[in-house]
Amino acid sequence: MPEKHYDHNHIELKWHARWENAGFYRAEENSARPKFYVLEMLPYPSGTLHIGHIRNYAIGDALARYKWMRGYNVLHPMGWDAFGLPAENAAIANRTPPREWTRQNIAAMKKTHRRFAFSYDWEREVSTCEPEYYRWNQWFFLKMLERGLTYRKRALVNWCPQCATVLANEQVVEGCCWRHEGTPVEQRALEQWFLKITNYADQLLNDMAGLEEGWPERVLTMQRNWIGRSEGAEVDFHLAETGEPIRVFTTRVDTIYGATCVILAPEHPLNETLLDAAGKARAKAMVDARANRDPGDIEKEGFVTGHFAVNPYSGERIPIWVANFVLMGYGTGAIMAVPAHDERDFEFCRKYDITVRPVIRPVDGALAIEPGMERTFTDDGIVENSGPWSGLPSEEARRQMAAHASARGFGKAAVTYRLKDWGISRQRYWGTPIPVIHCPVCGVVPVPEDQLPVILPDRIEITGSGRSPLENVPEFVNVACPRCGGKAKRETDTMDTFIDSSWYFYRYCDPRNGTMPFDPAKIAYWFEIDQYIGGVEHAILHLIYSRFFTKVMRDLGLVRNSEPVRRLFTQGMVIAEGAKMSKSKGNVVGADPLAEKFGADTARMFVLFGGPPEREVDWRQDGAEGIYRFLGRVYRFVTRNVGHAAGMPGTADKKVLRKLHQTVKKITGDFETRWHFNTCIASIMELVNVLYAEEERISGVAMAEILEKLALMLAPFAPYLSQEIWEELGRDGPVFRQSWPEFDAELAKEDLAEIVVQVNGKLRSHIHVPFGTAPAELEALARADGKVQPFLAGKQVVKVIAVPDKLVNMVVK
RNA sequence: GCCGGAGUGGCGGAAUUGGCAGACGCAGCAGACUCAAAAUCUGCCGGGGAUCACUCCUCGUGAGGGUUCAAGUCCCUCCUCCGGCACCA
């Protein structure tokens, strides 16, 4: 048959039209086949997909298609993280209502998704800004309220003047807003809603042991640091004048005889009574100075209060200071300073000439000399000059001293976390309304379940003034109290959008359920997620919140699994022609123009070929052209060989079939283990290079097998071309519903083993021998080899290493 | 400062378990086809050297040391880049 020119638009648009409503990718509810749940992180509907999205989805899609061909019942859904600030900003900028703006964007992006033929079950599509979805955010909120996991408190919060909203601690990066680099975060006091994620701190930490198999170590480390569990003791010092306790947290009670002052955070409540007006002013100045600064840059400063504290162990009176490096937000907001055994305390005390008193000596050394001590000793050692505990090793001392405090009632062993409760209140319009009502008589009253969802009103004025725009909607705000029936007001805060993404993957399993967030039986079938794929930027926030939600849902009896995600894969970024893509640089590589210019198959294959999936990939125009050439090469080969004459000699059959089976073997192995799709595609290229070289010497029978398997192997990477080839071969049905090609391990094997011959570790020759040839024979053949002998002449062979099927190395003198 | 990850041709990368460094692609060079160009096909393509030539020698994976018959791969010291954390008591 004459070869055909590869016209990507012709081929892709043809199949696109045929596939449009075919529903090929529907997951089955009751299937005898094993299930596989593969998920890519859902996008924010910004309006366009770029090459970075394509990479994320191409990885997931390759896996989904492979699993399909392997006979799995695959769940591969997609949805929209549809609440968020950009919709409000767009509303302010061009007066498009957020809902309309969002829906338009979703429509545009979905079109691109379909153009790329990602294998999603669109019947399960979820959009988080629709009441059918967010009512369950409200429902979960109320369930947590019932269980005491939701609470309200007045708190100093991070306020970004650009966003005009509150930020979670996690959204503050080096004192600035995570979305607006260089915009310092301000501190404001507001009544906020919180979720008690700290109740689950230990579970979140301990359950990570079960994730080590399937999650990147890096992500687990980041989560461990984020939770920041720290074991130690809480101990009360006492105000000398009144005996009032000042509680401190320390991980080193064993050093307490070396405490030479107590230091309070500038915000510490005790300052109200301890400090005079001038002192309070200094403390306040410290708080303000600290608010926006990189903590590492701030020099330690402090001042004496003039008051004294009593050490509960030694009875010693030590001065009380206030200093900027003590944080109110961690531990108890007060510390004991032990300069001899803590870097920070040392730096501070040296600056202010506070006594440095060593009380720990190295296990094999002497106690440092008190006045001239030059460095801190922060390791564990032997406790000295510490009353009854002298002579104990640090660890033992800590245990006994904590027990002592507990017995005497002035302290206890304690654990502190860096993790804070999750502040979910946002003073914003475009989010899930928090379902409570403020009644002047009854107080805070939850919206009864049967009144959910609390609908976000559509026609409102968005000004970006800072307060929630919902406050200006009387028909939303003014309600009757569900408890007493009197006049009351609705809560106008909306929820952090991380709530939406904390459980969306459960909703995919039962997306249209109107009476429950989902049917637990369906979750029991589909969960855990077998493979989750997304950017590493979500390593902490999204993935910790999701894990937290899962544990709460488990405790509510909704799910049986304690973790949502069995395996996590974090793919690398895509950069463009060597530079990070950004709107401001105008170098964002959009998906739509790519499809038009090169086709979806080329774009997908390029991002898979550019490097291993966990690493960064550089989008390069000429690189994409290379992939395009390759696809054309495949297509031309197939089309001119479809009716391959039966009379061809077939002298190259053995060689070519061997290469074919080696290729199938290699790709199969990669899908099952390490996902190096770049080398998978390289191996298909190698195969095609061999096919071009041997084209005239391939029999009709061999050619038929080659073309079929080539089509099947390409299916996960280039679905359009693969389907087109399938049709050229005269075959019916979707190619990705065929079985993944088998390989014959015997056929894939070479006839002879190639043995590397080295002399003193340097390559000198190759010999070919049957597999399994014994070492002694290998040595004999190697010694006899013509290329090797010059290197042996006049030398003495002192040692021979012969590894069957691999190499012979002769060591000579 | 602490914890990760990375460093290989002009470029992206390959080498899966310590065993032939540079697969595959891009760029480049040369040839074929063409009136010409594009497209396509073929060959060459780390540095230095030897050879009419088939080829051969030698150096070479950020730097320096080490282990080993053998190191891109393992160990130690250091440099650079990227990511995370960073007064967390």
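Residue numbering restarts at 1 for every chain, and letters A, B, ... go by the order of the sequence lines. Keep in mind that this is a model prediction, so the values were computed, not measured.
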Name the closest nucleotide to the [X] side chain, picking from [options].
{"X": "A:Asn809", "options": "B:rG19, B:rU40, B:rC20", "value": "B:rG19"}
{"X": "A:Pro612", "options": "B:rC24, B:rG13, B:rA86", "value": "B:rG13"}
{"X": "A:Phe609", "options": "B:rA14, B:rC24, B:rC20", "value": "B:rC24"}
{"X": "A:Asp622", "options": "B:rA27, B:rC57, B:rA89", "value": "B:rA27"}
{"X": "A:Arg418", "options": "B:rC24, B:rU42, B:rC85", "value": "B:rC85"}
{"X": "A:Phe325", "options": "B:rG84, B:rC87, B:rC20", "value": "B:rC87"}
{"X": "A:Lys762", "options": "B:rA89, B:rC56, B:rU58", "value": "B:rU58"}

Practice prompt. May I have the step-by-step check of side-chain contact (heavy atoms from CB on, under 4.5 Å) for A:Arg764 and A:Lys787, ending in yes or no?
Written response: CA-CA 7 Å; A:Arg764 295 305 177 196; A:Lys787 287 182 186 162; 5.7 Å; no
With a non-hydrogen cut-off below 4.0 angstrom, is [X] in contact with a base, only sugar-phosphate, or nothing?
{"X": "A:Phe348", "answer": "nothing"}
{"X": "A:His766", "answer": "base"}
{"X": "A:Phe791", "answer": "sugar-phosphate"}
{"X": "A:Arg764", "answer": "sugar-phosphate"}
{"X": "A:Arg218", "answer": "sugar-phosphate"}
{"X": "A:Lys666", "answer": "base"}
{"X": "A:Glu754", "answer": "base"}
{"X": "A:Asn225", "answer": "nothing"}
{"X": "A:Gly331", "answer": "nothing"}
{"X": "A:Gly228", "answer": "nothing"}

Euclidean distance, atom [atom1] of residue [X] to atom [atom2] of [N] [Å, nearest integer]:
{"X": "A:Ile540", "N": "B:rG83", "atom1": "CD1", "atom2": "P", "answer": "14 Å"}
{"X": "A:Met685", "N": "B:rA14", "atom1": "CE", "atom2": "P", "answer": "14 Å"}
{"X": "A:Leu763", "N": "B:rA71", "atom1": "CG", "atom2": "P", "answer": "14 Å"}
{"X": "A:Arg629", "N": "B:rC26", "atom1": "CZ", "atom2": "C1'", "answer": "8 Å"}

Watson-Crick or G-U counterpart of [N], or none if no pair lies under 3.5 Å:
{"N": "B:rA89", "answer": "none"}
{"N": "B:rC29", "answer": "B:rG43"}
{"N": "B:rA37", "answer": "none"}

Discussion item. I'd like to know if A:Lys300 reaches the base of B:rC87 with its side chain, counting only an N/O donor and acceptor under 3.5 Å.
Written reply: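 Flag set: donor-acceptor pair detected.
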Practice prompt. Rounded to whole angstrom, note down the C1' distance from B:rG9 over to B:rG60.
Written response: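 So the two C1' atoms sit 10 Å from each other.
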Discussion item. Whether A:Arg567 engages the ring of A:Trp215 as a cation-pi pair (distance to the six-membered ring centre under 6.0 angstrom, angle to the ring normal within 45°) should be assessed.
Written reply: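 Here A:Arg567 fails the 6.0 Å and 45° test against A:Trp215.
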Discussion item. So that I know where these two stand, are A:Phe677 and A:Phe671 an aromatic pair - ring centroids less than 6.0 Å apart?
Written reply: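 Yes - the distance between ring centres of A:Phe677 and A:Phe671 falls below the 6.0 Å cut-off.
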Practice prompt. Flag the pair A:Trp422 / A:Tyr545 as yes when their ring centroid distance falls below 6.0 Å, and as no otherwise.
Written response: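 So the answer is yes for these two rings.
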Worksheet item: Is there a side-chain contact between A:Thr260 and A:Val356, using heavy atoms and a 4.5 Å cut-off?
Response: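 Result no, sub-4.5 Å side-chain heavy-atom pair not found.
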Practice prompt. Starting from the C-alpha separation in whole Å, work towards a yes-or-no answer on ring pair (Phe, Tyr, Trp, His ring centres under 6.0 Å) for A:Tyr313 and A:Phe410.
Written response: CA-CA 10 Å; A:Tyr313 288 86; A:Phe410 66 78; 5.1 Å; yes
Item to complete: Quick one: classify the glycosidic conformation of B:rG4 as syn or anti, with syn meaning within 90° of 0.
Response: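 Chi for B:rG4 falls in the anti range.
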